[in-house]
Amino acid sequence: MATAPPEEVVSTEPIAKEPPLASVMENPPVVGEAKALAIIPEPVAKSSKGSLDRDVALAKLEDDKRYSFIKAWEESEKTKVENKAQKQLSDISAWENSKKADFESQLKKIEEKIEKKKGEHAEKMKNKVGSVHKQAEEKRAMVEAKRGEDLLKAEEFAAKYRATGQVPKKVFGCFGG
């Protein structure tokens, strides 16, 4: 006995449970419409083909849904990887800047120490130059004093020789007697 294919049941309630199926349909119903969805029955000879078309459409819909989830997951994972890499790059930059600042501050301290030592050494050298200058002035003063004494002594001897009429024993060192 041949069984007749089951007839499709026409519902007066809007379809709300299967929105993905609505995206496959050419004219999806607008949510909230009070109109009943009318399904046009196909001739009996094509009813098995319509059921097959619906199964193919549902399978395609499931595949699309699966690919959509996979693509969303892939994008999410890529975003996580990018964010993680960006954070690591940011951490590396912060570390690098911190180290640079440490080394620059050490360099400044060393430069300050060098400048301080340079100043101290310059002051010592200036003091030494001043001391040498002072010693030179003292020696000059001694030479000037000795010269003054010697000139005075020579004048005294010359006056003595004039007073006595004697001639010095050494005249100019080379003319002597």
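All of these numbers come straight from a predicted model, not from anything done at the bench.
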(request) For Q86, look at atom CD and say whether over 12 heavy atoms of other residues, nucleotides or ligands are found less than 6.0 Å away. (result) no
(message) As an exercise, state the distance from CD1 of I114 to NE2 of H121, rounded to the nearest 0.5 Å.
(response) 11.0 Å
(request) Look only at the side chain of S98 and the backbone of A94, and say whether a donor-acceptor pair between them is shorter than 3.5 Å. (result) no
(request) Return each pair, listed once, that meets salt bridge (Lys or Arg N to Asp or Glu O under 4.0 Å) where at least one residue sits in residues 110-133; pairs must be two or more places apart or across chains. (result) none
(message) Could you check whether atom CE of M142 has more than 12 heavy atoms from other residues, nucleotides or ligands sitting under 6.0 Å from it?
(response) no
(request) Let me see the working for E104 and K100 under salt bridge (charged side-chain N to carboxylate O under 4.0 Å, His left out), right down to the final yes or no. (result) CA-CA 6 Å; E104 287 174 2; K100 281 182 181 179; over 6 Å; no
(request) Report, as yes or no, whether the 6.0 Å neighbourhood of atom OH on Y161 holds more than 12 heavy atoms from other residues, nucleotides or ligands. (result) yes
(request) To the nearest 0.5 Å, tell me how far W95 CH2 sits from Q88 CD. (result) 14.5 Å
(message) Looking at K153 and E149, is there a salt bridge between them, counting it only when a charged N and a carboxylate O are closer than 4.0 Å?
(response) no
(message) By the salt bridge (Lys or Arg N to Asp or Glu O under 4.0 Å) test, which pairs, at least two apart or in different chains, include something from residues 69-88?
(response) E74-K78, E77-K80, K87-D91
(request) To the nearest 0.5 Å, tell me how far N97 CG sits from I92 CD1. (result) 12.0 Å
(request) Give, for atom NZ of K108 and atom OG of S105, the distance between the pair rounded to the nearest 0.5 Å. (result) 8.5 Å
(message) Any side-chain to backbone donor/acceptor pair from T164 onto K160? Under 3.5 Å, distance only.
(response) yes
(request) Starting at CG of D64, measure out to CZ of F69 and round the result to the nearest 0.5 Å. (result) 12.0 Å
(message) Do the side chains of R66 and D63 get close enough for a salt bridge, i.e. N-O under 4.0 angstrom?
(response) yes
